[in-house]
There are 2 protein chains.
Amino acid sequence: MTSYEQLLQVLRDEGHRLTPQRLIVLRVVAEGRQHMGVDEVFREAQSAYPFMDLATVYRTLRLFKQVGLVTEVAIGDRLHYELTHPEDRHHHMVCRVCHGAFNLSPHYLEEFNRTLVNEFGFVPDLDHFAITGVCVNCRPESSGEVGIGSEEFTLNEDVP
Amino acid sequence: MTSYEQLLQVLRDEGHRLTPQRLIVLRVVAEGRQHMGVDEVFREAQSAYPFMDLATVYRTLRLFKQVGLVTEVAIGDRLHYELTHPEDRHHHMVCRVCHGAFNLSPHYLEEFNRTLVNEFGFVPDLDHFAITGVCVNCRPESSGEVGIGSEEFTLNEDVP
DNA sequence: TTCCTTTTTGCAATGAGTTGCAAATACTTG
DNA sequence: CAAGTATTTGCAACTCATTGCAAAAAGGAA
Ligand SMILES: [Mn+2]
Ligand SMILES: [Mn+2]
Ligand SMILES: [Zn+2]
Ligand SMILES: [Zn+2]
């Protein structure tokens with residue numbers, strides 16, 4: 001798919017300098033799991049480059065988001081990042097109880113999106129969205145069959 | 001509608017103590033505008049009770065939310081509170097550019113809500129929701145007619 | 001390579017929000 | 001009304017995220 005070299009070219013093309021810090025953060029995010037929290041990126045990056053500063057990680061991730069290399073999603077009150085895969089747009093349902101995160105096809109928000117645009121002229125930020133709630137496994141009385149179409153992964157950080 | 005005395009009874013009924021701090025925060029929220037930010041509540045409360053501490057305001061608002069007296073909404077990355085009006089459920093569209101906030105009927109999220117419950121058994125938190133985006137006035141090319149049904153108010157705090 | 005300019009970094013300070021804890025106090029009971 | 005107890009408060013310390021600024025370094029030109 002998008003190789004590491006191609007990703008670097010995106011930075012060069014927009015006139016950004018290729019510092020060791022940026023190369024490492026990019027590698028960490030590219031090789032990491034889905035939705036890494038900032039502190040997780042920081043720890044991994046620091047182990048490869050001990051002088052790495054947390055402020056640099058924040059600035060670097062913000063830059064990567066600006067140029068489209070990574071996608072940001074707010075889960076709970078923390079920001080998480082993953083490499084952008086244009087062919088795999090998705091949203092999330094995040095369980096408030098078990099912190100599990102389930103992927104959700106963009107299809108489920110398309111009508112909502114269209115309605116806001118058509119009725120109010122409001123263009124919502126619905127690129128990569130996370131809605132909190134309670135998942136089927138954590139519901140008080142485990143009633144209700146689950147349909148197809150959702151794929152779970154688990155966050156390895158606590159989300160408040 | 002719900003008088004101040006009735007609100008106090010809710011606290012008493014659940015075994016919470018009626019401290020001067022709580023009475024004042026409740027009065028401030030009850031008499032304040034929609035969606036007061038915490039620091040705004042703090043300032044008003046402090047002017048009525050100079051010993052008021054910011055931590056107490058945070059704890060008090062969290063308690064009021066727990067017992068249902070107030071409704072919380074995250075706008076940008078700050079929490080805002082307003083007195084709960086069960087007969088006036090609504091969501092918001094918040095403009096990233098001008099920070100204007102528009103009310104949105106719950107009706108627009110009902111289908112989305114139902115779909116998540118039915119297809120995935122996921123019960124989303126859609127009590128009082130705010131979606132960010134760009135409002136019709138702030139869109140690059142001002143195309144598109146605005147329908148009826150949205151009512152604007154302006155936040156008087158900057159939201160990042 | 002060396003020099004120059006501009007960007008980027010590391011560090012320290014800041015701000016919002018949360019938490020532990022001892023002192024204060026609201027409510028209960030006599 | 002006084003005393004006892006459990007809750008609540010104020011304060012200070014702490015965390016997470018952001019920002020100003022001087023020092024470091026990337027990239028371009030000679
Ligand atoms: Mn995702
Ligand atoms: Mn509201
Ligand atoms: Zn769950
Ligand atoms: Zn606007």
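Treat the numbers as computed from the prediction; the structure is a model and nothing was measured.
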Between [atom2] on [N] and [atom1] on [X], what's the gap in Å once rounded to a whole number?
X: A:L61; N: D:dT18; atom1: CG; atom2: C1'; result: 14 Å
X: A:R78; N: D:dT15; atom1: CZ; atom2: P; result: 12 Å
X: A:E72; N: D:dA17; atom1: CD; atom2: P; result: 11 Å
X: A:E40; N: D:dA17; atom1: CD; atom2: C1'; result: 17 Å
X: A:R62; N: C:dT9; atom1: CZ; atom2: C1'; result: 14 Å
X: B:L54; N: D:dA13; atom1: CG; atom2: P; result: 17 Å
X: A:R43; N: D:dC16; atom1: CZ; atom2: C1'; result: 14 Å
X: B:E14; N: C:dC27; atom1: CD; atom2: C1'; result: 17 Å

One character per nucleotide, please: for nucleotides 5-12 of chain D, 5' to 3', B when the base has a protein heavy atom closer than 4.0 Å, S when only the sugar-phosphate does, - otherwise. -BBSBBB-

Would a 4.5 Å heavy-atom cut-off, applied to side chains only, mark A:L116 and A:L126 as touching?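 No, too far: nothing below the 4.5 Å cut-off.
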
Hey, is the main chain of [Y] close enough, under 3.5 Å, to the side chain of [X] for a donor-acceptor pair?
X: B:Q6; Y: B:S3; answer: yes
X: A:Y4; Y: A:L23; answer: yes
X: A:R139; Y: A:V134; answer: no

Would you say A:Y58 reaches D:dT18's phosphate, i.e. side-chain N/O to OP1/OP2 under 4.0 Å?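 Result: no.
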
List, one per line, each side-chain donor-acceptor pair under 3.5 Å for residues 57-75 of chain A, sequence neighbours excluded.
{"from": "A:T60", "atom 1": "OG1", "to": "A:T56", "atom 2": "O", "distance (Å)": "2.6"}
{"from": "A:K65", "atom 1": "NZ", "to": "A:E72", "atom 2": "OE1", "distance (Å)": "3.0"}
{"from": "A:T71", "atom 1": "OG1", "to": "A:T84", "atom 2": "OG1", "distance (Å)": "3.0"}
{"from": "A:E72", "atom 1": "OE2", "to": "A:Y81", "atom 2": "OH", "distance (Å)": "3.0"}

Under 4.0 Å, counting only non-hydrogen atoms across every strand here, what does A:L18 touch: a base, just sugar-phosphate, or nothing?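 The residue A:L18 makes sugar-phosphate contact but no base contact.
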
Near DNA chain D, under 4.0 Å by heavy atom, which residues of residues 23-32 of chain B?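 Close to the strand, none.
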
Residues that A:Q9 engages under side-chain hydrogen bond (donor to acceptor under 3.5 Å, both in side chains), provided they are two or more places apart: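 For A:Q9 the side-chain hydrogen bond (donor to acceptor under 3.5 Å, both in side chains) partners, ignoring immediate neighbours, are A:R12, A:D13.
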
Residues that B:H91 engages under side-chain hydrogen bond (donor to acceptor under 3.5 Å, both in side chains), provided they are two or more places apart: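 Listed in chain order: nothing, the list is empty.
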
Checking side chain to side chain contact (heavy atoms under 4.5 Å, CB included) between A:I24 and each of A:Q46, A:E44, A:M52, which is the one that passes?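 Only one option passes, and that is A:M52.
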
Sequence neighbours excluded, which residues qualify as ring pair (Phe, Tyr, Trp, His ring centres under 6.0 Å) partners of B:H128?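 Only B:H35, B:H90, B:H92 meet the ring pair (Phe, Tyr, Trp, His ring centres under 6.0 Å) criterion with B:H128.
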
